[in-house]
S.K.: 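Here's a structure for you.
Letters A, B, ... mirror the listed sequences (proteins, then strands); counts begin at 1.
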Amino acid sequence: MASSGAGYDLSASTFSPDGRIFQVEYASKAVENAGTVIGIKASNGIVLGVSKPLLHKMVVPSTCSYKRIHSVDEHAGIASTGFLPDARQLVGRAIDEAANWEDQYGVKVPPDVLADRLGYFMHYYTLSGGLRPFGASCVIGAYDQDTKQYKLHMVEPNGSAASYYGVATGKGKQAAKTELEKLNLHKEPCTVDEAVQHIAKILTMLHQENKDNEGKPLEMELSWICEASKYKHVGVPKARIAEVKAWVQEQLEEEDDDEEEAMEE
Amino acid sequence: MMHSAESQNLKDGEVSTGTTIIAIPFQGGVVVGADSRTSTGSYVAVRTSDKIACLSDHIYACRSGSAADTQALTDYIRYYLQQLKIETGRPARVKSAAHLLQKLVYQNKDNLSAGMIVAGWDPVEGPAIYSIALGGTCLKVPFAFSGSGSLYITGLLDSEFRENMSKEEARALVKKALAHAMARDGSSGGIIRTVAITAEGNDRDYTSELPYGPVSY
């Protein structure tokens, strides 16, 4: 989709003749070139996952440095992709919004309000003079304490926010979306344990399919909100991640074997 | 001139709702009640005032202290709760109303004289009652009573209050307690106003027939 801006793309304050604002679209491109993020709303929780292929040997592989999933409040977390420093700013804003809300109203910010506020903020940067849009998308997983429901939202560089059963963004979003649709989450939600497995599997598959990643280990960041985490946004426990990684390996090997058998026939 | 707790903080000529206000919960709701006397010193400025302010569909506030201060406060909270409903799409929680009021009172404590009770029903918690005292203390309480006349009925309420009353029992207790307070407190009097707040709706009433008083019924 390489259309020429032809002079209408120099500023976020300019519409093109066919009604597009190219600068905002280019901001989405920044997201499309970055690591994949997947979120799933399960029947009993939310899981967020980010693929962090190790860039090069000298980067310390841990979830402390170069963190991609952040907690916004006890009950909410954001997994982001795109320009990571831009994403960090957005997370900071979300933290302020959540803290302010609790200070004013004495209750935790409802997930849809948090998403709307973040969308409003991101949108402001698409039409204020001198500012550029954020080159990042945020996937927000949160627990609504009043209605006792889990909510998954995504906010994009143009400021639009929507609620999802399952969402993917970043480099592998097309393939990930196809896999998510196969899961039929909108008809029948999975459990939070299944969601962890699904996300880990999709991220691993995408990583392996990309030949550029030959030899580069995949690091995944996974977080969840569920009864086991006492309804707080925390990282999926390391033991569980190790289990799931082993499970994914088995699954992928089985599928490879099935494919080989199919071809031999 | 009566040196009640309120009049010491009032400016010259400022009007006080030297008052008795009460909130008693029942199965599925809350009954709030108040007397109707607004006084400037020993002059009764208004005999039939309404000290029960509606903050939102299912949340009310009872006002005691300076009439001007409490009216301004309830106007602000009503506005904030309206905005909150638009932004969240759901009815406000009684907790949020109380929290907002607490913030306003605490941050302006030097300039305000307001003792209020916030009571109502919300879909999350059901019936809830919060008492907000002069300095901005906000306490969630099983039942609340406040104002200059409340001192005279502490024993009565402590001994007669029961959990899980019916709406009629709660209303009767509210009226009885207010009548006793109005009999002894010069700053409380007039008629008894009550509002019963439930999920289905609110039921406002008043009576000039006091269950207790100089003439017994």
S.K.: Answer yes or no: does atom CZ of F161(B) have more than 12 heavy-atom neighbours from other residues, nucleotides or ligands under 6.0 Å?
M.R.: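 Atom CZ in F161(B) is crowded, with more than 12 foreign heavy atoms closer than 6.0 Å.
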
S.K.: When heavy-atom pairs shorter than 4.5 Å are enumerated against chain A, which of H99(B), R90(B), E87(B) gives the highest number?
M.R.: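 Highest number of heavy-atom pairs under 4.5 Å: H99(B).
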
S.K.: With a 4.5 Å heavy-atom cut-off (strictly below), which parts of residues 113-133 of chain A touch chain B? List them by number.
M.R.: V113(A), R117(A)

S.K.: Counting only heavy atoms not in K85(B), do more than 12 sit closer than 6.0 Å to its NZ atom?
M.R.: no

S.K.: Is the NZ atom of K103(B) crowded by more than 12 outside heavy atoms at less than 6.0 Å?
M.R.: yes

S.K.: Do other residues, nucleotides or ligands put more than 12 heavy atoms under 6.0 Å from Q83(B) CD?
M.R.: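 Yes, enclosed.
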
S.K.: Is R204(B) atom CZ crowded by more than 12 heavy atoms from other residues, nucleotides or ligands, each under 6.0 Å away?
M.R.: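 More than 12 within 6.0 Å, yes.
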
S.K.: Any residues in residues 134-159 of chain A near chain B, with a heavy-atom distance under 4.5 Å, and which are they?
M.R.: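 Interface residues of residues 134-159 of chain A: D144(A), D146(A), T147(A).
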
S.K.: If you define the side chain from C-beta out and look only at heavy atoms, does anything of T88(B) sit under 4.5 Å from Y105(A)?
M.R.: no

